[in-house]
Amino acid sequence: MKKIAILASGSGSNAENIIRFFQNHPAILVDSVWTNKANAFVLERAERLNIEAHVFTKNELALTNHLLNEFKSRKIDLIVLAGFLLLLPQKFVREFQVVNIHPALLPSYGGKGMYGEHVHSAVIANKEKQSGITIHLVDEVYDHGKILFQASCTIDPMDTPQDLAGKIHELEMEHFPRVIERLLLGSA
Ligand code: GAR
């Protein structure tokens, strides 16, 4: 079995979708969910889906090896960032394969502060005609690693950031688990 650890900071709709996709999968298992927010909705989703979940602090992540050692002892094959809003320290990228989803077409609309609604508001403010999702490996530079997959959607002139968020959400639900599956099973 290949094992996934999911890191998430917010609602966790991607985390839930990934967990559901891999329930009863013959070769891939979601081992656990990890969040830096004690009140993140992802914790409720994990509990409902019977997946072990843990809360950690920013300092624990950056200044100790607690998480790193947990992932090593659990023999995690892939760390999935699913709406994880802290910078992942370099030590993780050196030890593990890490994949992230970004709600725009990188290299546009990436970088620090560009997450969730902020991305969609910036895209709409610039009157872009399309946006999309980028699924990429995480390296030591923010929003920079090898792009594994992109999918785009069109933006209508009257679309609000919320409308765009809905379109992006659909793309994320459709593609993220499948890209993870291909990555882990060696065909990405
Ligand atoms: C997702 O849209 C994801 O692409 C985005 O956060 C959202 C999390 O939603 N990630 C980033 O913006 C990373 N820079 P969720 O908690 O419902 O999965």
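As the structure lists them, so they are numbered: ligands from 1, and atoms in each ligand from 1. Given the structure is predicted, the values throughout are model-derived calculations rather than measurements.
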Numbered atoms of ligand 1 (with element) below 4.0 Å of Ser11, judged on heavy atoms: 16 (O), 17 (O)

Ring centers of Phe56, His66 separated by less than 6.0 Å: no

Which of the ligand 1 atoms, numbered from 1, are nearer than 4.0 Å to a heavy atom of Gly83: 6 (O), 8 (C), 10 (N)

Salt-bridge present (Asp159, Lys167; N to O < 4.0 Å): yes

Interfacing atoms of ligand 1 (cut-off 4.0 Å, heavy-atom, Gly116): 12 (O)

Part of Met114 within contact of ligand 1 (heavy atoms, under 4.0 Å): backbone

Carboxylate-amine/guanidinium contact Arg74 Asp31, below 4.0 Å: yes

Atom 13 (C) of ligand 1 - nearest protein heavy atom and its distance: Ile101 O, 3.8 Å

Residue, atom name and distance, where the atom is the protein heavy atom closest to atom 11 (C) of ligand 1: Pro103 CD, 3.5 Å

Protein contact of atom 3 (C) of ligand 1 - nearest heavy atom, named by residue and atom, plus distance: Glu172 OE2, 3.4 Å

Distance from atom 9 (O) of ligand 1 to nearest protein heavy atom, with residue and atom: Asn14 ND2, 4.0 Å

Minimum heavy-atom distance Ile101-Phe176, with the two atoms named: CG2-CE2, 3.6 Å

Heavy-atom gap Ile168 to ligand 1 smaller than 4.0 Å: no

Ring-ring centroid check Phe84 Trp34, cutoff 6.0 Å: no

Geometric class of the His175/Phe149 ring pair [parallel <30°, tilted 30-60°, perpendicular >60°]: tilted

Electrostatic pair Glu95:Lys91 at N-O distance under 4.0 angstrom: no

Any N or O of Ser13 closer than 3.5 Å to N or O of ligand 1: yes

Which atom of Leu171 lies closest to which atom of Gly132, heavy atoms considered: CD1-CA, 4.1 Å

Option of least heavy-atom distance to atom 16 (O) of ligand 1 (set: Gly12, Ser9, Gly10, Ala104): Gly12

Contact check: His102 vs ligand 1, nitrogen or oxygen atoms, below 3.5 angstrom: yes

